[in-house]
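One structure is given below, encoded as structure tokens.
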Amino acid sequence: MPKTLFEKIWDQHVVDEVEGGQEILYIDRHFIHEVTSPQAFSGIRDRGIDIFRKEKIVATADHNVPTKNQHLPIKDALSKLQVDALKQNCEDFGIELYGLGHPYQGIVHVIGPELGVTKPGMTIVCGDSHTSTHGAFGAIAFGIGTSQVEQVMATQCLLLERPKTMRITIDGELGEGIYAKDIILYIISKLGTGGGTGHFVEYAGTAIWGLSMEARMTICNMSIEMGARGGMIAPDETTFEYVKGREFAPQGKEFEEAVGYWKTLYTDDEAIFDTEYNFRAEDIEPMITYGTNPGAGIKVTGNVPTSEEVENPEGLKKSLEYMGLQEGEKLEGKKIDHVFIGSCTNSRIEDLRIVANYVKGKKKAGHVNAMIVPGSKQVQQQAQKEGIDKILADAGFELRQSGCSACLGMNEDKIPKGEYCVSTSNRNFEGRQGPGARTMLVSPLTAAAIAIEGKIVDPRKFELKKVAV
Amino acid sequence: MEKFKVLKSTAIPLPEEDVDTDQIIPARFLKATTKEGFGENLFRDWRYDSEGNPNANFVLNNEKYSGQILVAGRNFGCGSSREHAAWALADYGFRAVISSYFADIFKGNALNNGLLPVQVSDEFLKKILAEVQKKPSTPIIIDLPEQTVSLEDGSSESFEINDYKKMCMLNGYDDIDFLLSQKDKIKAFEQQHVEF
Ligand code: SF4
């Protein structure tokens with residue numbers, strides 16, 4: 001029977017079927033971090049059992065870490081407690097930890113791929129919804145709750161209902177200055193925040209296959225923002241090239257064998273999806289969000305919708321009130337206070353290159369506070385090696401140390417109440433970047449242009465140099 | 001986990017749609033390393049103003065309403081996968097949430113923590129909300145064995161729940177207890193599973 005990419009990988013991992021339609025799914029890799037693991041470790045202790053397959057767990061500290069002076073003790077007592085608890089737990093149970101100060105430390109969804117831990121055909125979970133990022137490699141990767149973290153620790157398995165499948169095909173050619181972030185914000189603006197619910201999404205089409213791995217990760221990362229369980233892209237030469245030679249990737253003959261298997265991971269021609277959508281790359285323009293969910297995206301040059309144009313006028317009203325915006329308002333030209341470039345959506349080396357390439361020789365607007373938080377220690381080092389740190393500093397950007405930072409505002413990196421932050425992260429919920437913070441989601445290029453101009457602009461109105469990726 | 005059979009309780013109405021987990025429990029309160037105490041900060045930014053004073057307009061601060069059931073608008077629990085949202089609701093004292101739609105991860109998290117997500121039709125949800133708002137003392141009956149929600153006037157609707165999850169809720173045990181009993185099968189699977 002013809003199968004989708006998702007079905008091929010899922011079927012490979014089913015241990016057993018259970019009454020009530022659930023399946024026991026075997027998990028190849030489990031990422032953990034400080035915020036959603038402590039209660040799972042306590043659960044394991046309370047049950048008096050050991051962790052079943054410790055070698056399949058990779059741990060890092062990212063959500064709650066400072067992005068300045070990481071060599072000093074953490075000031076916030078509660079954050080310190082959580083980061084220390086992770087360290088202790090990893091020691092007690094014998095789990096590999098890439099904690100603060102470790103050369104591999106970083107946002108869990110950035111380090112997995114960059115270390116070659118994330119590979120095609122795997123099942124990957126983490127107690128974080130943006131685990132969908134790893135699907136860019138042709139893996140089944142999804143976020144789980146803490147009880148499920150405990151399940152995987154205890155049994156290396158999860159009890160799950162098989163999700164439905166969806167394919168989103170984007171054919172055509174992307175215009176200049178249009179990036180993966182614009183693609184995914186565009187898709188979510190069309191499907192809505194509930195459009196993918198219950199589904200696992202495969203992205204396909206010429207516009208997707210032409211993308212770099214970093215860009216594919218950006219797209220899969222935000223699948224969750226339309227309610228999907230995860231997103232994935234069939235592995236191809238771009239994928240194999242990226243994985244090749246990385247620290248934990250198979251080497252030599254083993255790598256060749258792996259590629260042989262990975263090449264079987266694609267959706268068969270006759271396979272059927274529960275839901276399908278098609279878009280044209282030519283219709284996509286630089287995007288920005290105006291509201292308080294990631295589905296509230298419009299063209300940077302567009303206008304905020306009016307009550308008549310939306311399905312939920314009450315929701316629109318409430319979100320515009322929070323955002324301090326008017327119905328029908330044009331966003332271009334609006335003054336911005338903060339620019340945040342970071343998060344597991346857009347903090348990889350390619351994102352930093354895009355920003356550096358644009359801001360080189362320019363200066364940020366005086367009133368703008370521009371912060372760049374690299375996704376990992378390795379990204380930071382690579383940026384230094386390429387002289388990106390220097391370019392950014394000259395342009396007035398502050399380059400921090402790696403972590404989740406203002407993406408969720410758990411550490412001290414918060415946006416003050418009522419101020420506008422243009423952000424490359426993935427969520428613009430009320431209070432996400434700090435109580436009262438007003439977040440607008442954009443691509444790294446758009447963020448860079450806005451930082452320079454100090455107001456919302458379409459980056460294409462300025463000279464764009466091609467980035468060598 | 002506490003067993004869940006039949007729950008008869010008054011309810012608290014929250015007609016808002018798309019209530020995301022950042023509203024249920026803001027990220028800055030996720031620093032704890034135990035499961036207890038999250039109820040204090042449930043709906044923190046709606047419940048209190050920036051000075052920490054209770055916001056009189058928010059329903060949890062309205063003395064008219066109390067109970068172990070939260071009745072919420074469509075797409076409850078969307079956003080971040082944080083299980084803390086389910087813990088916060090349970091810790092506050094809720095045993096069930098009624099809505100016309102639940103976000104996937106939240107639903108799973110709720111069931112794993114003895115908090116029953118009850119999905120009803122949009123029409124019935126509207127009716128429940130109206131009844132509760134009209135008469136806050138009206139009891140709602142959630143019958144898990146029968147899979148029904150009923151109101152005082154006799155109107156009732158059935159809801160779906162996975163057979164296995166139902167059995168777990170009824171007996172007060174969780175997925176881990178079950179999976180641990182399957183260890184032999186898991187080990188056998190590992191013998192033939194190739195990972196590159
Ligand atoms: S960067 Fe943001 S979205 Fe990504 S893992 Fe960290 S908190 Fe979650």
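A, B, ... follow the sequence lines: proteins, then strands. Residue 1 opens every chain.
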With heavy-atom distances below 4.5 Å as the criterion, would you say the side chains of [X] and [Y] are in contact?
X       : Y       : value
D20(B)  : N293(A) : no
Y101(B) : T197(A) : yes
W46(B)  : E430(A) : yes
R82(B)  : S129(A) : no
T146(A) : W87(B)  : yes
Y164(B) : L159(A) : yes
D28(A)  : H193(B) : yes
R53(A)  : E190(B) : yes

Would I105(B) and R229(A) satisfy side chain to side chain contact (heavy atoms under 4.5 Å, CB included), going step by step from the backbone distance to the final call? CA-CA 8 Å; I105(B) 302 183; R229(A) 286 298 273 126; 3.5 Å; yes
Does K5(B) have more than 12 heavy atoms from other residues, nucleotides or ligands lying within 6.0 Å of its NZ?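 More than 12 within 6.0 Å, yes.
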Examine whether an atom of [X] lies under 4.5 Å from a heavy atom of chain B, and if so say whether it belongs to the side chain, the backbone or both; otherwise answer neither.
X       : result
M410(A) : both
E257(A) : both
H63(A)  : neither
I24(A)  : side chain
N426(A) : neither
A85(A)  : side chain
I49(A)  : side chain
F52(A)  : side chain
K80(A)  : neither
S79(A)  : both
V14(A)  : backbone

Tell me, for [X] versus chain A, whether the close heavy atoms (under 4.5 Å) come from the side chain, the backbone, both or neither.
X       : result
F29(B)  : neither
S80(B)  : both
K183(B) : side chain
F106(B) : neither
D177(B) : both
I186(B) : both

How long is the span from the [atom1] atom in [X] to the [atom2] atom in [Y], to the nearest 0.5 Å?
X       : Y       : atom1 : atom2 : result
Q39(A)  : F38(B)  : CD    : CZ    : 5.5 Å
C78(B)  : M226(A) : SG    : CE    : 14.5 Å
C157(A) : I176(B) : SG    : CD1   : 12.0 Å

Find the one option among [options] whose heavy-atom pairs under 4.5 Å with chain A are most numerous.
options                            : value
M167(B), K165(B), R74(B), H84(B)   : H84(B)
A103(B), A86(B), G79(B)            : G79(B)
D163(B), N109(B), N112(B), N162(B) : N162(B)
D45(B), V194(B), N75(B), D174(B)   : D174(B)

Do the side chain of E83(B) and the main chain of S147(A) share a donor and acceptor less than 3.5 angstrom apart?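 Present.
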Within the side chain of D22(B), is there an N or O that forms a donor-acceptor pair under 3.5 Å with the backbone of R432(A)?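 No, the answer is negative, given that no donor and acceptor are paired below the 3.5 Å cut-off.
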Can you list the steps and then say if V18(A) with F178(B) is a side chain to side chain contact (heavy atoms under 4.5 Å, CB included)? CA-CA 10 Å; V18(A) 186; F178(B) 171 77; 3.7 Å; yes
Closest-packed option against chain B by number of heavy-atom pairs under 4.5 Å, given H130(A), Q156(A), H13(A):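 Heavy-atom pairs under 4.5 Å are most numerous for H13(A).
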Contact winner vs chain B - R47(A), Q12(A), K417(A), heavy-atom pairs under 4.5 Å: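 The candidate making the most pairs under 4.5 Å is R47(A).
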Should K318(A) and D18(B) count as an ion pair when the cut-off is N to O under 4.0 Å?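 Not counted as a salt bridge, because no side-chain N and carboxylate O are separated by less than 4.0 Å.
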Applying side chain to side chain contact (heavy atoms under 4.5 Å, CB included) to R28(B) and L408(A), what does each step give before you reach the verdict? CA-CA 8 Å; R28(B) 58 187 193 283; L408(A) 86 168; over 6 Å; no
